[in-house]
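This structure is a prediction, so every number in the text was calculated from the model and none was measured.
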Amino acid sequence: MEYWKNLRDDRKWVGLLGLSFFSMFTCFNAVQTLQSTINKTLGSLTLASLYACFAIGNIITPIILSKLDVRKCFWLGGAGYILFIIANIKIIPPLLILAGGLNGLSAAIIWNAQSVYVSRWTPDGSEGKNSGLFNGIMFMNMVFGNIIVATLFKFEIKNAIVFSILAVPAAMAVISMGFLKTPKISEDALDRELTLDGSSSPSTYTTNEDVNIKEKLLEMFSMFKSKHLLLIVPLIAYRGLGYGYILGVFPNFIDSKIYIGYIMAVYGVGSIVGSYGAGYLFDRVVDRRNLLLLPCVVIFSTNIGILVLMDPEVLRAHLYSFFFISFGFGLCDSSVSVCLYHTFLSTFSDKPSPAFSAWRFVQALCTSTNLVLGSYLHRNVVGITVSVILVVGFVSYSVLHIKYVLPKLKSQL
């Protein structure tokens, strides 16, 4: 209890939000990971529907965030995740695709609410630590969720029972989000922004019934006028395409619903290591922060090279190789995610809601595109394309850091 009392408020509530997301995504990501393994093409189309609607949902999310308390946004967004899990209990193709679409709209709400919640709690200089803290806790879901599902399937428990079990803790996690403390604007954030409705009160999120809907709809698209955002778009595209590759293409190399669970659990371990490691380093390294992404480029490209050049049957005969590849993918994805969080929290703190909506819009659009094309294009073509985009993202982020971010940081010293 003494440790809890002495813990900084931003660490405390960002960490608790991470725990809630961990609980919900332990259930959801287990279901999501198995889509392309159990439901094959239907699963890929369902996930494509989910991420296409996720992209569309980001357009209207700023309006919802301006009208509802952030905790109500968590409830509203979380409901879609629960419905999607329930839809997998008994597979009815049209309803499954529809549930995926509704989940996508809900995801836009809950993820943008999460981004603004973390932004409002985070003081200057803690962007890396707080984003690493949230992601590190949240990514534990990839470990526990996939181990649980793999174990249940190992004992040949019916799919309907597995998904019914997963729906219960997911619902409890969503309910818990409504009891989080409403974030105050940190002193640093107060110096650089207004509250969401344009008032000067720093105490809480407020709503505005007279919000200009047309203005809010265009707010996200106006962010693309920013050179800073355009330079970070390739890295966002990698994050979306890479996640689509992990969900829709990588499991097909393994072709086993039991082993894919354990292998994706290792992906979660890599994600946790990457989140905490990148979060620690991004707050400490200034001059050469862009070089922190170079290992990600090397690791991801190496993994793709192995999957492209090696015979899949040979790889399946040596299953341990998939564990190393999965760990590397997790390490890269989480490191890039922390890099994006750090960049957005520090660069777009004056407009967190539309900025994060723009990020989620691009990322979801790329994930959906990869899930659709991944069902028709050769998997080697998809993997090489994602690898090339990561290289482009590294170069463009380096330009952003060297030309715009670094001079600004040095002028503040």
**Report entry** Heavy-atom pair with the smallest gap, counting every atom of Phe25 and Asn141
**Finding:** O-OD1, 3.2 Å
Report summary line: Tightest non-hydrogen contact, residues Arg71 and Gly178, listed as CD-O, 3.4 Å
Query raised in the report: How about Tyr259 and Phe322: are their ring centroids closer than 6.0 Å?
Result: no
Requested in this report: For the pair Thr46 (side chain) and Leu42 (backbone), establish whether a donor and an acceptor sit closer than 3.5 Å, ignoring hydrogens and angles.
Outcome: yes
Query raised in the report: For the residue pair Arg11 and Leu133, what are the closest heavy atoms and their distance?
Result: O-CD2, 3.5 Å
Report task. Check whether any side-chain heavy atom of Leu340 sits under 4.5 Å from a side-chain heavy atom of Phe356, and report yes or no. Result -> no
Atom pairs and distances, side-chain donor-acceptor, residues 52-63, under 3.5 Å, sequence neighbours left out:
residue: Asn58; atom: OD1; partner: Asn112; partner atom: ND2; Å: 2.6
residue: Asn58; atom: ND2; partner: Phe54; partner atom: O; Å: 2.6
residue: Thr61; atom: OG1; partner: Gly57; partner atom: O; Å: 2.7

Query raised in the report: With side chains defined as the heavy atoms from C-beta onward, is the minimum distance between Met142 and Val269 less than 4.5 Å?
Result: no
Requested in this report: Take Met172 and Val168 through the side-chain contact (heavy atoms from CB on, under 4.5 Å) test and state the conclusion after the steps.
Outcome: CA-CA 6 Å; Met172 294 174 64; Val168 176; 4.2 Å; yes
Report task. Would you mind reporting whether Arg289 and His342 have side-chain heavy atoms less than 4.5 Å apart? Result -> yes
Query raised in the report: Looking at side-chain heavy atoms only, is the closest gap between Phe300 and Tyr238 below 4.5 Å?
Result: yes
Query raised in the report: Is the distance between the ring centroids of Phe134 and Phe21 under 6.0 Å?
Result: yes
Report task. Assign the ring pair Tyr243 / Tyr51 to parallel, tilted or perpendicular, where the plane angle (0 to 90°) is split at 30° and 60°. Result -> perpendicular
Requested in this report: Tell me, with the steps shown, if Val70 and Val116 meet side-chain contact (heavy atoms from CB on, under 4.5 Å).
Outcome: CA-CA 8 Å; Val70 67; Val116 175; 5.8 Å; no
**Report entry** Sub-4.5 Å side-chain heavy-atom contact between Leu229 and Ile232
**Finding:** yes
Query raised in the report: Which class fits the ring pair Phe144 and Phe22: parallel under 30°, tilted 30 to 60°, perpendicular over 60°?
Result: perpendicular
Query - Pairwise side-chain contact, Cys73 with Leu65, heavy-atom cut-off 4.5 Å (strictly under) - result: yes
Identify all side-chain donor-acceptor contacts of residues 81-90 below 3.5 Å with residues at least two apart in sequence or on another chain.
residue: Tyr81; atom: OH; partner: Trp111; partner atom: NE1; Å: 3.4
residue: Asn88; atom: OD1; partner: Gln35; partner atom: NE2; Å: 2.7
residue: Asn88; atom: ND2; partner: Phe84; partner atom: O; Å: 2.8

Report summary line: The single option from Trp359, Tyr397, Phe282 that satisfies side-chain contact (heavy atoms from CB on, under 4.5 Å) with Thr343 is Tyr397
Requested in this report: List the steps and the verdict of side-chain contact (heavy atoms from CB on, under 4.5 Å) for Ile304 and Val386.
Outcome: CA-CA 9 Å; Ile304 294 298; Val386 177; 5.8 Å; no
Report summary line: Here the pair of heavy atoms bringing Asn290 nearest to Ser398 is ND2-OG, 3.0 Å
Requested in this report: Enter the distance from Lys227:NZ to Lys403:NZ here, rounded to the nearest 0.5 Å.
Outcome: 6.0 Å
Query raised in the report: Does Asn370 reach the main-chain N or O of Leu241 with its side chain, forming a donor-acceptor pair under 3.5 Å?
Result: yes
Query raised in the report: Between OG1 of Thr347 and CG of Leu231, what distance do you get to the nearest 0.5 Å?
Result: 11.0 Å
Report task. State which residue, out of Leu105, Thr367, Asn103, fulfils the side-chain contact (heavy atoms from CB on, under 4.5 Å) condition with Leu50. Result -> Asn103
Report summary line: d(Ser337 OG, Asn135 CG) to nearest 0.5 Å is 4.0 Å
Requested in this report: Give, for atom CE of Met138 and atom OG of Ser131, the distance between the pair rounded to the nearest 0.5 Å.
Outcome: 11.5 Å
Query raised in the report: Taking C-beta and beyond as the side chain, do Leu68 and Phe74 meet within less than 4.5 Å on heavy atoms?
Result: no
Query - Gly80 versus Ser106, closest heavy-atom pair with distance - result: CA-OG, 3.2 Å
Query raised in the report: When the ring centroid of Tyr267 is compared with that of Phe327, is the distance short of 6.0 Å?
Result: no
Query - Residue pair Asn130 / Thr122, side-chain donor-acceptor N/O under 3.5 Å - result: yes
**Report entry** Side-chain (Thr302) to main-chain (Val298) donor-acceptor, under 3.5 angstrom
**Finding:** yes
Query raised in the report: What class does the angle between the rings of Trp121 and Trp13 fall in, given that below 30° is parallel, 30 to 60° is tilted and above 60° is perpendicular?
Result: parallel
Query raised in the report: In Å, rounded to the nearest 0.5 Å, how long is the span from CG of Leu235 to SG of Cys339?
Result: 5.5 Å
Requested in this report: Can you sort out the partners of Ser115 under side chain to side chain donor-acceptor pair (under 3.5 Å), two or more places apart, ordered by chain and number?
Outcome: Arg360
Query raised in the report: Hey, is the main chain of Gly393 close enough, under 3.5 Å, to the side chain of Ser396 for a donor-acceptor pair?
Result: yes
Report task. Look at atom CZ of Phe324 and say whether more than 12 heavy atoms of other residues, nucleotides or ligands are closer to it than 6.0 Å. Result -> no
Report summary line: Note: Ile272 and Gly136 closest approach over all heavy atoms is CG1-O, 3.6 Å
Requested in this report: Measure from the side-chain N and O atoms of Ser271 to the backbone N and O of Ser334, and report whether any donor-acceptor pair falls under 3.5 Å.
Outcome: no
Query raised in the report: Got a second to check how far Arg379's CZ is from Leu307's CG, nearest 0.5 Å?
Result: 8.5 Å
Query raised in the report: Side chains of Leu166 and Phe28: closer than 4.5 Å at any heavy-atom pair?
Result: no
